[in-house]
Amino acid sequence: MDQNIIRRRGVGTRGIDEKTVLDGYTVIAPLTGKKVYLINNAGETAHTWDLPYRVGRYARLLPNGNLVVGMKDPEASAPFPFFNKYGGGIYMELTPEGKVVHELRDPLGHHDCFYDGCGHFFYAGLEALTPEQQAALPGGVEGTEAPDGKVYADTIREVKDGKLVWEWKVSEHLDPKIFPLQAHYPREHWPLINGIYPLKDGNILASCRSVSAVIIIEKSTGNIIWHLDSTVVAQQHNANELPNGNILIFDNGAFRHRESFQWSRGLEIDRKTKEIVWQWHASPKETFFTPFMGSAQRLPNGNTLLCESAFGRVIEINTSNEICWEYVCPHFAIYPEPEAAGFYPVESNALFRAYKYSKDQIPWLN
């Protein structure tokens, strides 16, 4: 019997409602491999990109038809062991044929890199806190600093044509009293920015996992001008802006307040009132849950794509809040680096995120 329960339950397209599903293609980037796949609703591969390095986080298509993908830098050292799992360090724009158009490297780059083309990158990096800043940071599990005894904090860097044009530092702008590490989280990394999204108004939306908060940074000053706290979100990912100005979030649900069990959901938040105006969770709730990673994307037809990342499962929710497509990534492998495999020593089909596109958004494919 196959000992991998995810694979044994069935992979590929496991269900579809042809009447309400978006007729399009989904980008699948398995974290253990060096390939990115573009699949149709039947789960068939329509296009493949071969990468020079292992997928570090995720891949998505740009309006010009090219692919942007984050990859794991094999030469980058890790300031703490778990960085081997979620570090990236290499970001590339590739043509459909695989030609490199733009490239950015930073050995301390991790998680998200928002890229709009033309050599313009926003990405998350790291720096060590000073001893004074570290002592002033409350929360976290005692004694879980990095091996060098330090706590590492995030930066957001904007790079254009290879030059650093703007930088925001957690150490300078995030108040640790308002955004302490959650009690169950290691002290090695604060606040663990896993999502960056430039807003239409020019400010920056960011998701902070280890403090369970979503923030908006005023780009001109660096000040935090809006935030959701852990009474609304729990270890969330992939906060992004919708055309109506609302915020779409994948809410993981790990250590959610007032809950005795864990479940994930998609959330749409009214930016002005901070009220939940849409949400989806499974029924029963616990049948859709990923403790880490995850993504939420509003599709051109109004449906919402959610990625249950740890288990390589992608579902599309229609406007009646029903599942109209379910797909499980069939590509399983053990992480090739011993450092990463030490944290996940089994075959994995994990995806950091998934992105779907209508056929008219990919004219080169048709």
Side-chain angles (χ1 to χ4, degrees), residues 27-38 48-60 62 66-115 119 121-128 146-148 150 152-157 159 162 164 186 188-189 192-196 209 237 292-293 295 309-310 312 329 331-355:
V27 174
I28 299 295
L31 288 173
T32 55
K34 295 182 178 181
K35 291 181 181 289
V36 174
Y37 305 90
L38 189 62
T48 303
W49 287 265
D50 292 302
L51 307 178
Y53 308 102
R54 176 174 72 80
V55 173
R57 291 291 85 188
Y58 71 95
R60 67 179 178 88
L62 299 170
N66 291 344
L67 184 84
V68 59
V69 57
M71 290 170 281
K72 180 72 174 68
D73 185 348
E75 304 299 325
S77 59
F80 44 86
F82 207 67
F83 196 79
N84 291 298
K85 182 72 164 57
Y86 59 63
I90 301 174
Y91 311 101
M92 289 184 181
E93 178 187 351
L94 305 173
T95 67
E97 296 76 29
K99 179 183 177 181
V100 179
V101 178
H102 290 286
E103 179 180 336
L104 173 71
R105 293 183 182 234
D106 184 334
L108 293 179
H110 65 88
H111 283 93
D112 202 8
C113 176
F114 184 92
Y115 180 71
F121 297 85
F122 288 87
Y123 71 97
L126 283 182
E127 66 168 4
D148 57 9
K150 297 178 180 178
Y152 286 83
D154 290 303
T155 66
I156 296 176
R157 294 171 181 149
V159 173
L164 181 67
E188 61 194 13
H189 190 176
L192 207 162
I193 291 177
N194 58 31
I196 300 168
R209 173 175 165 84
H237 284 74
F292 43 82
M293 306 186 290
S295 65
S309 294
C329 175
H331 305 287
F332 290 80
I334 295 175
Y335 283 92
E337 307 92 352
E339 299 85 359
F343 290 103
Y344 212 91
V346 296
E347 288 185 305
S348 172
N349 68 337
L351 309 166
F352 184 62
R353 295 180 188 166
Y355 286 93

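None of the values given here were measured: they were computed from a predicted structure.
- Note that CG of Leu31 and CE of Met71 are 13.0 Å apart. Values are rounded to the nearest 0.5 Å.
- Annotation: salt bridge (Lys or Arg N to Asp or Glu O under 4.0 Å) contacts of Glu337 (sequence neighbours excluded): Arg54.
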**Message:** Checking Leu51 against Val69 for the side-chain contact (heavy atoms from CB on, under 4.5 Å) test, could you report, in this order, the C-alpha distance in whole Å, the side-chain angles of both residues, the deciding distance, and whether it holds?
**Reply:** CA-CA 9 Å; Leu51 307 178; Val69 57; 4.0 Å; yes
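- Contact record, Lys150 with Ala128: CD-CB, 3.8 Å, taken as the closest heavy-atom pair.
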With a cut-off of 3.5 Å and sequence neighbours excluded, list every side-chain donor-acceptor pair involving residues 106-115.
| residue | atom | partner | partner atom | Å |
| --- | --- | --- | --- | --- |
| Asp106 | OD1 | Leu108 | N | 2.9 |
| Asp106 | OD2 | Tyr123 | OH | 2.6 |
| Asp106 | OD2 | Arg157 | NH1 | 2.7 |
| His110 | NE2 | Gly125 | O | 3.4 |
| His110 | NE2 | Asp154 | OD1 | 2.7 |
| Asp112 | OD1 | Tyr58 | OH | 2.7 |
| Asp112 | OD1 | Arg353 | NH1 | 3.4 |
| Asp112 | OD2 | Ile196 | N | 2.7 |
| Asp112 | OD2 | Arg353 | NH2 | 3.3 |
| Tyr115 | OH | Glu93 | OE1 | 2.5 |
| Tyr115 | OH | Cys118 | N | 3.4 |
| Tyr115 | OH | Gly119 | N | 2.9 |

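- Two residues are said to be in side-chain contact when any heavy atoms from C-beta on lie closer than 4.5 Å; Tyr37 and His331 meet this criterion.
- Here the closest non-hydrogen pair linking Leu126 and Thr155 is N-OG1, 3.9 Å.
- Pairing each heavy atom of Tyr152 with each of Pro79, the nearest pair is CZ-CB, 3.7 Å.
- With sequence neighbours left out, Lys34 forms a salt bridge (Lys or Arg N to Asp or Glu O under 4.0 Å) with no residue at all.
- Of all non-hydrogen atoms in Ala354 and Ser295, the two that sit nearest each other are N-OG, 3.2 Å.
- Two residues are said to be in side-chain contact when any heavy atoms from C-beta on lie closer than 4.5 Å; Thr48 and Val36 fail this criterion.
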**Request:** Go through the steps for His189 and Tyr86 under the test side-chain contact (heavy atoms from CB on, under 4.5 Å), then give the verdict.
**Result:** CA-CA 12 Å; His189 190 176; Tyr86 59 63; 2.6 Å; yes
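- With respect to Tyr53, the side-chain contact (heavy atoms from CB on, under 4.5 Å) criterion is satisfied by exactly one of Glu75, Met92, Lys72: Met92.
- Within the 4.5 Å cutoff, side-chain heavy atoms of Val101 are placed close to those of Asn66.
- Between the Thr32 side chain and the Tyr335 main chain, no donor and acceptor come within less than 3.5 Å of each other.
- A donor-acceptor pair under 3.5 Å is formed between the side chain of Trp49 and the backbone N or O of Thr95.
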**Message:** Could you walk me through whether Leu67 and Val27 satisfy the side-chain contact (heavy atoms from CB on, under 4.5 Å) test, starting with their C-alpha distance in whole Å, then the side-chain angles of each, then the deciding distance to 0.1 Å, before giving a yes or no?
**Reply:** CA-CA 9 Å; Leu67 184 84; Val27 174; 4.3 Å; yes
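- No option in His237, Arg209, Arg57 other than His237 meets the side chain to side chain donor-acceptor pair (under 3.5 Å) test with Asn194.
- Remark: Glu347 CD to Phe332 CZ distance equals 7.5 Å, nearest 0.5 Å.
- No side-chain donor-acceptor contact under 3.5 Å links Asn84 to the backbone of Glu339.
- Contact of the Phe352 side chain with the Ser309 side chain is not registered, since no non-hydrogen atoms from C-beta on lie closer than 4.5 Å.
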**Asked** Which is it for Ile28 and Tyr355 under the side-chain contact (heavy atoms from CB on, under 4.5 Å) test, yes or no, and what are the steps along the way?
**Response** CA-CA 8 Å; Ile28 299 295; Tyr355 286 93; over 6 Å; no
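- Here the CG-OH distance, from Asp73 to Tyr91, works out to 10.0 Å after rounding to the nearest 0.5 Å.
- At least one side-chain heavy atom of Arg60 sits under 4.5 Å from a side-chain heavy atom of Leu62.
- No side-chain heavy atom of Pro30 sits under 4.5 Å from any side-chain heavy atom of Ser348.
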